[in-house]
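Shown next, in structure tokens, is the structure this report addresses.
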Amino acid sequence: MLFKKKEKVYDLKRNELLDFVMLVIGSVIVAFAFNLFLLPNNIVVGFSGLSVIANNLFGIKPSLFMIISYSILVVLSLTILGFKSTKRTIIGSILYPLFVELTSYITPYIDLTSLDIVVLILCGAILNGIGSGIVYRYNYSTGGSDVVNQLLSKFLKRPIGTCMLITNGVIISLGFLTFGIQTVIYSILAVYIISIVIDRVMIGISESKTFEIITEYETDVKKFLISKLSHGVTVLSARGGYTGNEIKIIMCIVPTREYITVKEGVLKIDPKALIMVSDVYEVLGSK
């Protein structure tokens, strides 16, 4: 051949400036949530929850406790996990305690004493979740629990999710010994809400549904989806695991608002149809 086909080059470089700006924004939001809602109500969430306990027992400033403990964790992470796994944690481990210190001078001027404690915890958890979600979405970390979870995962040979449960369980247990059962209940509520909000910030809210339909009336169902609802469909070939029979699966992505219309329309055509529905958070491309 006289000419070689030019290979496609994929540029996977991230916009580091944008990532850093979003890290700063996320860290400020989490710091405000900590100083405004979590610290005053003795809510122990994540590794920063230890600073709440230390502040109550020994009068140590949360920001000072964080910068010392986070620095130790970063050194451990560099030593055990290496620079590649730690590099995007280092900056967050510095910025987050710094913003906790800076926002601590602002939050005393915001009076929230008229609000119920449950409302305060909900607001704190939602703000914390939003800030943490922004940080994670741009591939950074504020350190603390994230480093502990990675270290535990390496040594215990357990998934990160299991290590998160262990870490939060230990910290909330220490909160119980320090503050009592009320703190445990509120802290568990806060952790649950934070995890939900982080997921929503990172992957968004499901605006579509994927329908996977197995039916004997393939032609009629396709006609209903394509002609009446104007949705594209994909037909997948499959085989029954027990019978070994060849079957067809009709796959279609529809807006969430049309979920009931599609479900009822398919069941009207075939009451015995097998319908599987799952959330879709993002649809890319046109094919």
Side-chain angles (χ1 to χ4, degrees), residues 22-67 69-70 92 95-137 140-146 164-165 167-205:
M22 298 311 292
L23 167 65
V24 170
I25 293 172
S27 298
V28 169
I29 294 173
V30 177
F32 259 113
F34 176 80
N35 276 319
L36 196 58
F37 299 104
L38 304 183
L39 178 62
N41 295 293
N42 296 325
I43 304 303
V44 288
V45 173
F47 201 82
S48 60
L50 293 179
S51 68
V52 177
I53 297 172
N55 178 257
N56 183 270
L57 293 179
F58 310 111
I60 302 173
K61 290 186 71 172
S63 57
L64 178 61
F65 180 90
M66 287 180 191
I67 195 65
S69 59
Y70 283 24
L95 287 181
Y96 177 54
L98 174 63
F99 289 133
V100 167
E101 173 66 17
L102 294 176
T103 55
S104 68
Y105 297 107
I106 301 172
T107 51
Y109 297 99
I110 303 174
D111 184 14
L112 301 174
T113 54
S114 61
L115 297 178
D116 186 81
I117 186 170
V118 176
V119 176
L120 294 173
I121 291 165
L122 286 173
C123 292
I126 291 171
L127 265 184
N128 186 294
I130 291 171
S132 298
I134 291 172
V135 171
Y136 296 149
R137 182 168 183 145
Y140 273 104
S141 165
T142 55
S145 296
D146 295 326
M164 288 174 65
L165 290 175
T167 304
N168 280 314
V170 170
I171 294 171
I172 290 175
S173 297
L174 292 174
F176 167 70
L177 295 175
T178 307
F179 303 113
I181 189 64
Q182 181 172 293
T183 287
V184 172
I185 295 172
Y186 288 148
S187 296
I188 291 173
L189 175 64
V191 168
Y192 178 70
I193 295 170
I194 288 170
S195 64
I196 292 175
V197 176
I198 287 175
D199 284 345
R200 297 286 76 79
V201 172
M202 290 188 69
I203 63 177
I205 297 172

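Reckoned from all heavy atoms, side chains included, excluding hydrogens, waters and symmetry mates. For the single chain, residues carry numbers from 1 onward in sequence order. Not measured: the values here are computed from a predicted model.
- Taking every heavy atom of both residues into account, V201 and I130 meet most closely at CG2-CA, 3.9 Å.
- Proximity of a side-chain donor or acceptor of S187 to a complementary backbone N or O of V44 within less than 3.5 Å is detected.
- Between G92 and P97 the shortest heavy-atom distance is O-CD, 4.0 Å.
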- Query: Stepwise, does the side-chain contact (heavy atoms from CB on, under 4.5 Å) test hold for E101 with M66?
  - Reply: CA-CA 10 Å; E101 173 66 17; M66 287 180 191; over 6 Å; no
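- If you take CZ on F47 and OG1 on T167, they are separated by 9.0 Å, rounding to the nearest 0.5 Å.
- The shortest distance between side-chain heavy atoms of L39 and P62 falls below 4.5 Å.
- Distance check: F179 CZ to L174 CG gives 10.5 Å after rounding to the nearest 0.5 Å.
- For the atom pair CD1 (I185) and CD1 (I172), the distance works out to 11.5 Å, reported to the nearest 0.5 Å.
- Counting heavy atoms from C-beta outward, I126 and I193 have side chains that approach closer than 4.5 Å.
- Heavy atoms only, all atoms of each residue included: I198 and S132 are closest at CD1-CB, 3.7 Å.
- The line from CD of Q182 to CG of N41 is 9.0 Å long, rounded to the nearest 0.5 Å.
- Aromatic ring pairs are classed by plane angle as parallel below 30°, tilted from 30° to 60° and perpendicular above 60°; the pair Y96 and Y70 is parallel.
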Output side-chain donor-acceptor pairs under 3.5 Å for residues 108-123, partner residues at least two apart or in another chain, one line each.
from: D111; atom 1: OD1; to: T113; atom 2: N; distance (Å): 3.1
from: D111; atom 1: OD1; to: T113; atom 2: OG1; distance (Å): 2.7
from: D116; atom 1: OD2; to: V118; atom 2: N; distance (Å): 3.0

- Message: Let's go through I53 and F58 carefully: what are the C-alpha distance in whole Å and the side-chain angles of both, what is the deciding distance for side-chain contact (heavy atoms from CB on, under 4.5 Å) to 0.1 Å, and is it a yes or a no?
- Response: CA-CA 8 Å; I53 297 172; F58 310 111; over 6 Å; no
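- For the residue pair N42/Y186, the side-chain donor-acceptor check at 3.5 Å is not satisfied.
- At distances below 3.5 Å, at least one donor-acceptor pair connects side-chain atoms of N168 with backbone N or O atoms of M164.
- Here the CG atom belonging to N128 is positioned 11.5 Å from the CD1 atom belonging to I43, to the nearest 0.5 angstrom.
- From L102, atom CG reaches atom OG1 of T107 across 11.0 Å, with rounding to the nearest 0.5 Å.
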- Task: Test L50 against I171 for side-chain contact (heavy atoms from CB on, under 4.5 Å), laying out the working first.
- Result: CA-CA 7 Å; L50 293 179; I171 294 171; 4.2 Å; yes
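- The closest donor-acceptor contact from the side chain of S51 to the backbone of S48 lies under 3.5 Å.
- A distance-only check finds no donor-acceptor pair linking the side chain of S27 to the backbone of V24 [under 3.5 Å].
- When all heavy atoms of A33 and L127 are compared, the pair lying nearest together is CB-CB, 3.7 Å.
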- Task: Step by step, work out the side chain to side chain donor-acceptor pair (under 3.5 Å) result for T103 and N35.
- Result: CA-CA 7 Å; T103 55; N35 276 319; 2.8 Å; yes
- Apply the test side-chain contact (heavy atoms from CB on, under 4.5 Å) to residues F34 and V45: give CA-CA distance (whole Å), side-chain angles for both, the deciding distance (0.1 Å), then the verdict. CA-CA 9 Å; F34 176 80; V45 173; over 6 Å; no
